[in-house]
Amino acid sequence: TVVMLAVAALAFAGAVTVVANTGATPASAAELPAAALVEDEGADCPVTLPGSTPSNAKLPDPFTRINGTRITAKSDWRCRRTEIRKLAEKTVYGEKPGKPTTVTGTVSSSNLTVNVSHNGRSSSFSAKVELPGGTGPFPVVVVLGGFGADTATIKAAGAAVINYDPYAVGKEGTPRNNKQGAFYSIYGATSTTGLLAAWSWGVSRMIDVIETSGGTILKADAVGVTGCSRFGKGAFAIGAFDQRIALTMPIESGSAGAPIFRGIPGEGAQSLSSAYGEQPWLGDAFGSYTGNPNGLPVDTHEIVAMVAPRGLFIMDNPHIANLGPKSASVAALGGAEVYKALGAGANITYWSDVTDGNHCANRAEWKTPLQQNIQKFLLKTGNAAGQIRISGKAAGNLAQWRDWTTPTLSDGPGDPTTTTTTTTTTTTTTTP
Ligand code: MCU
């Protein structure tokens, strides 16, 4: 079934653009794409990064490979996504290393511990666990920081909460050449990887522990992540960089979060140099792009696309231009094109249609979509379609930002570079 409602784009300020997403709506919850079983499904994809990329004032085409060819099949997305991941690591976030040699830990009804060792170095961190009512094992939402996320609604919906202190893994307030925290104890204080990728690595290691914990308390295949503001930047990167995460829910993330880098200067959001300089959230390599976002080979619509086809619920505040809500809406609309091409248009929600202008306020408007997203992607009891609800106060226009079209991707085998399956059947008939 394809749901296609008309776009009500009203021209006066304060209008809300509501789009019922157009991707094929799965007929039943059983057809929903599950989160992947591994952190990176494209780990084996060969990627040769270009030495340089031409300047581009528009958003890079998510469907065009580094070698200039366009993907034609849904199955081609796996390795195209890996290209985007590698480009994003190289220019935006810094490298997020895979699973270390040893990861051990424990899960109890009140606490989760992680011990990591790699190349002769080791580190540990822990996080408080809160269970909802009822009997486990429970889906779980990793909540970064202590504010902005509606943990009461999350628990009422039936999911557990892990209170993750990202600073234990990547501290703020340190200079770039002396980064601290459990990540940097392993990879070094001069690692060029930024805090968002380090926080991301921390969540991946918590999922490693949940996977090996016996599965009686928390479910490793029903993990969500959320956080507001700087922790919204974190939630966004965390969901993009681990395909085991079933539901990604950044809130009011601002510059270095959802907003397209290319739109930030024009919108008057927190400048790229301010966000880069305030904390080492982004990788050190981003320093070359703060005055030249057009030089980036990726933009955040492709970070949205890295989450596809998994559940994504981006919450934003249209009342604070410093957060770049227009630019965030463009990222959502651009990334939604990849969701649609994958037949998962109903799995993304962008919602900036809210009244309270306070940053990280607890908002009545988000309670129902929050519950619906938890039911759909974590509990697997619901199947509500995603929604694009962009406040007319901060509505970006994707058409202005792209010069590419969205392909119809086939369900069949992809290009030979990504799929090589040859079946030869020989039938021998012997006549007696
Ligand atoms: C929106 O996130 C950040 C913002 O980028 C910073 O400039 C400001 O200092 O803090 C915001 C935040 O995390 O607020 C809680």
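Counting from 1, the numbers follow the sequence of the chain as shown. No hydrogens, no waters, no symmetry mates; every other heavy atom, side chains included, goes into these values. Bear in mind the structure is a predicted one, so any value in this text is a computation, not a measurement. Each ligand, and each atom within it, is numbered from 1 in the order the structure gives.
Both tests pass for Arg402 against the ring of Trp404: distance under 6.0 Å to the centre and angle within 45° of the axis. Geometric assessment of Arg176 against the ring of Tyr276 yields a positive cation-pi assignment under the 6.0 Å and 45° thresholds.
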Take Phe377 and Phe313, measure what ring-ring contact (aromatic ring centres under 6.0 Å, His included) needs, and give me the verdict at the end.
CA-CA 11 Å; Phe377 297 106; Phe313 176 23; over 10 Å; no
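Of the residues listed (Leu378, Asp242, Ile207), the one engaging Val223 in a side-chain contact (heavy atoms from CB on, under 4.5 Å) is Ile207, and it is the only one.
Close contacts of ligand 1 with Lys233, meaning ligand atoms under 4.0 Å from a residue heavy atom, involve 1 (C), 2 (O), 3 (C), 4 (C), 5 (O). Counting the atoms of ligand 1 from 1 in the order shown, those under 4.0 Å from a heavy atom of Phe147 are 15 (C). Counting atoms of ligand 1 from 1 in the listed order, those under 4.0 Å from a heavy atom of His359 are 1 (C), 14 (O).
The protein non-hydrogen atom at the shortest distance from atom 10 (O) of ligand 1 is Arg230 NH2, 2.8 Å. Counting only heavy atoms of the protein, atom 4 (C) of ligand 1 lies nearest to Gln270 OE1, 3.4 Å. The single protein non-hydrogen atom nearest to atom 1 (C) of ligand 1 is Ser229 OG, 3.0 Å, given as residue, atom name and distance. With respect to atom 9 (O) of ligand 1, the closest heavy atom belonging to the protein is Glu278 OE2, 2.6 Å.
Side-chain contact of Gln180 with Thr174: a donor-acceptor pair under 3.5 Å is absent, judged by distance alone.
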